[in-house]
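Here is the naming used below: chain letters follow the sequence lines, and residue numbers restart at 1 for every chain.
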Number of protein chains: 2
Amino acid sequence: MTKILQRNLYREVADRIGDLIEHGELSPGERISEKQLCEKFGVSRTPLREALKVLATEGLIELLPNRGARVVRLTFKKVKDTYDLMAALEGLSGELACQHITDKEIAAIRTLHNNMLEHYHQHDLKAYFELNRQIHEGILTASQNEVLQEMYSNLSQRVKRVRYSKKMTQAFWDQAVKDHENMINALEKRDSQLLGQILRDHLCNKLEVATLAGVIEDEAPIEEHSVVNA
Amino acid sequence: MTKILQRNLYREVADRIGDLIEHGELSPGERISEKQLCEKFGVSRTPLREALKVLATEGLIELLPNRGARVVRLTFKKVKDTYDLMAALEGLSGELACQHITDKEIAAIRTLHNNMLEHYHQHDLKAYFELNRQIHEGILTASQNEVLQEMYSNLSQRVKRVRYSKKMTQAFWDQAVKDHENMINALEKRDSQLLGQILRDHLCNKLEVATLAGVIEDEAPIEEHSVVNA
DNA sequence: AAAAGTAATTATGAATTCAATATTAACTAA
DNA sequence: TTAGTTAATATTGAATTCATAATTACTTTT
């Protein structure tokens, strides 16, 4: 593994640990050994421990006094709560975007949307999801609210390690595409109330949670990658 | 100042620094001297620096590589963005509260509401605001969404150092009380859509921002306590 | 063999030390 | 004086060291 030799070492280390968690190389509930990670990254305990404290504030790990750090266990409830929150933030981003977005930005999103439709018709789920992500990111950016963006990306990072795309049924997919059609229309009309409502109710959030609920048993901690796929 | 001799030192230190910021003992933009704070708190640089990193992720201070930490300058836009976000979160908390709240909890909030009305009629702004806070906190708790609660309290902390209560006009106050009346009714009917809408539009959020806008010049950083009172 | 207690080991919490970077002060030259 | 340069100082960044708490291994006892 490539050693780190950068400034803002603690932030770099925190990101790297975040990656390990996202990719399942650190399991939920697993005790995080400081020494091991120090050796892995080639840094001393000082920046590593700073990183752990930051990751705890970001909600990725939890710190037990005198008993080390461990990766947060994602229960179904925790994931659902996070998605509820993300939906509310998306709703707000839609409302704000309508107030600030330029014609040029709308055109760019329309283009992304058209490309996304291509992938939808070709049943290319992975490419579809990437475009989908870019559209939502575009709206978030157009909201011009940096605090909102910061919060959203933090929430998104917390649940990144759970992926459910494969479980998406055709019916759900069809509905999601319809939602997107309505979104773009609301955006072009700059109807903030409508776009906010659409985004709050948008399947992309609820769907994944619903799917997840069907896949895992209630209240059981989600072992990451147990429901995973592309 | 009382020395700290507790476990989870970094968290304690972070809270104490947060208090200093809230009460204006550390000015926005002011460089934070590690040595000074170490002496003030009677701790070494290690836990102090950990606290600084945590406070940076919480959005209270910013870290400039090799150039120390400074208190975040609150611009009008930053405050407005934060309040927009808080309003959205309150809206969500209302929706969720309707789904989970017990009759007992509703009764408790109704009681708080009645007490608040007392203070309203007596023009006791301070007591009014405290009850107001407790009501919103009650709804937040009833939402049963811990991630939401965590996020809300973080946002709230970011803008805590700005207070505007004195600027509240009677008309605004009257409207706020009407809003609250509607809130309680919606809550008792468990009408989540309605309560969500009321809370999103609730004056308590918008009002303060609007007031602030009238008091400070646009885009100028808000020196905390410059608009203060209560 | 199982349980309880004790010693040895390991890991964490925090202070200190060392190194690198930035800031300030002092000095020189125009 | 003032701009520019260099040296001195102070501050930050990171590693190391020391202290303390937790875990494990090992006895001892029943």
Side-chain angles (χ1 to χ4, degrees), chain A residues 1-21 25-73, chain B residues 1-21 25-73:
Chain A
M1 180 160 286
T2 327
K3 301 283 161 151
I4 293 168
L5 26 113
Q6 203 169 332
R7 79 265 105 93
N8 250 136
L9 201 44
Y10 88 96
R11 188 62 265 181
E12 181 74 22
V13 170
D15 291 342
R16 293 275 291 265
I17 296 176
D19 289 344
L20 291 183
I21 293 172
E25 288 164 60
L26 285 174
S27 307
E30 178 183 336
R31 187 204 196 113
I32 296 174
S33 161
E34 293 183 2
K35 208 174 79 175
Q36 245 175 278
L37 285 184
C38 283
E39 283 163 10
K40 197 182 190 91
F41 295 142
V43 300
S44 79
R45 280 178 61 216
T46 304
L48 186 111
R49 287 170 56 81
E50 289 169 349
L52 291 181
K53 262 120 198 151
V54 166
L55 288 168
T57 347
E58 288 174 344
L60 282 179
I61 67 172
E62 46 198 3
L63 262 32
L64 299 91
N66 285 316
R67 309 194 54 209
R70 50 205 67 195
V71 179
V72 165
R73 279 179 185 279
Chain B
M1 182 159 285
T2 326
K3 303 282 164 160
I4 294 169
L5 28 113
Q6 204 167 332
R7 79 266 105 93
N8 251 136
L9 201 44
Y10 87 97
R11 188 60 266 181
E12 181 73 22
V13 170
D15 290 342
R16 294 276 290 263
I17 296 176
D19 289 344
L20 292 182
I21 294 172
E25 287 163 59
L26 285 174
S27 308
E30 179 183 335
R31 186 204 197 114
I32 295 174
S33 162
E34 293 183 3
K35 209 174 78 176
Q36 244 175 277
L37 286 184
C38 283
E39 286 163 8
K40 197 183 190 91
F41 295 143
V43 300
S44 79
R45 281 179 61 218
T46 304
L48 187 111
R49 287 169 57 79
E50 290 169 349
L52 291 180
K53 261 119 197 154
V54 165
L55 288 168
T57 52
E58 287 176 346
L60 282 179
I61 67 172
E62 46 198 2
L63 263 30
L64 298 91
N66 286 317
R67 308 193 53 208
R70 51 205 66 197
V71 180
V72 164
R73 280 180 183 278

Going 5' to 3' along nucleotides 20-25 of chain C, which nucleotides have protein heavy atoms under 4.0 Å from the base (write B), which only from the sugar-phosphate (write S), and which from neither (write -)?
-> -SSS--
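The separation between A:L64 atom CG and D:dA21 atom P is 17 Å, rounded to whole Å. In this structure, the CD atom of A:E34 is 17 Å from the P atom of D:dA21, given to the nearest Å. The separation between A:F41 atom CZ and D:dA14 atom P is 15 Å, rounded to whole Å. One can place OH of B:Y10 at 19 Å from C1' of C:dA15, the figure rounded to the nearest angstrom. At whole-Å resolution of the value, CD1 in B:I61 and P in D:dT12 are 11 Å apart. Protein atom CG of B:L37 is 10 Å distant from nucleotide atom P of D:dT12, rounded to whole Å. If you measure from atom CZ of B:R11 to atom P of C:dA14, you get 14 Å, rounded to the nearest angstrom.
Taking the side chain as every heavy atom from C-beta outward, B:K40 and B:L20 approach each other to under 4.5 Å. B:L52 has its side chain within reach of B:I17: a pair of non-hydrogen atoms, C-beta onward, lies under 4.5 Å apart. With contacts defined as side-chain heavy-atom distances shorter than 4.5 Å, the pair A:R49/B:T46 does not qualify. Between B:I61 and B:L26, the closest side-chain pair of non-hydrogen atoms is not below 4.5 Å.
Contact annotation: A:K35 side-chain N/O to C:dA11 OP1/OP2 distance is under 4.0 Å.
Near DNA chain D, meaning a heavy atom under 4.0 Å away, the residues from residues 45-59 of chain B are B:R45, B:R49.
Note on residues 53-71 of chain B: pairs passing salt bridge (Lys or Arg N to Asp or Glu O under 4.0 Å), not counting sequence neighbours, are A:E50-B:K53, B:R11-B:E58.
A donor-acceptor pair under 3.5 Å links the side-chain atoms of B:S33 to the main chain of B:Q36, judged by distance alone.
Nearest heavy-atom pair, A:L63 versus A:A69, reported as atom, atom and distance to 0.1 Å: CD1-CB, 3.6 Å. Nearest heavy atoms, A:A14 versus A:L55: O-CD2, 3.6 Å. For the pair A:V13 and A:A51, the tightest heavy-atom approach, listed with the atom from each and the gap, is CG1-CB, 3.6 Å.
Within the nucleic acid shown, B:L63 has no heavy atom closer than 4.0 Å to any nucleic acid atom.
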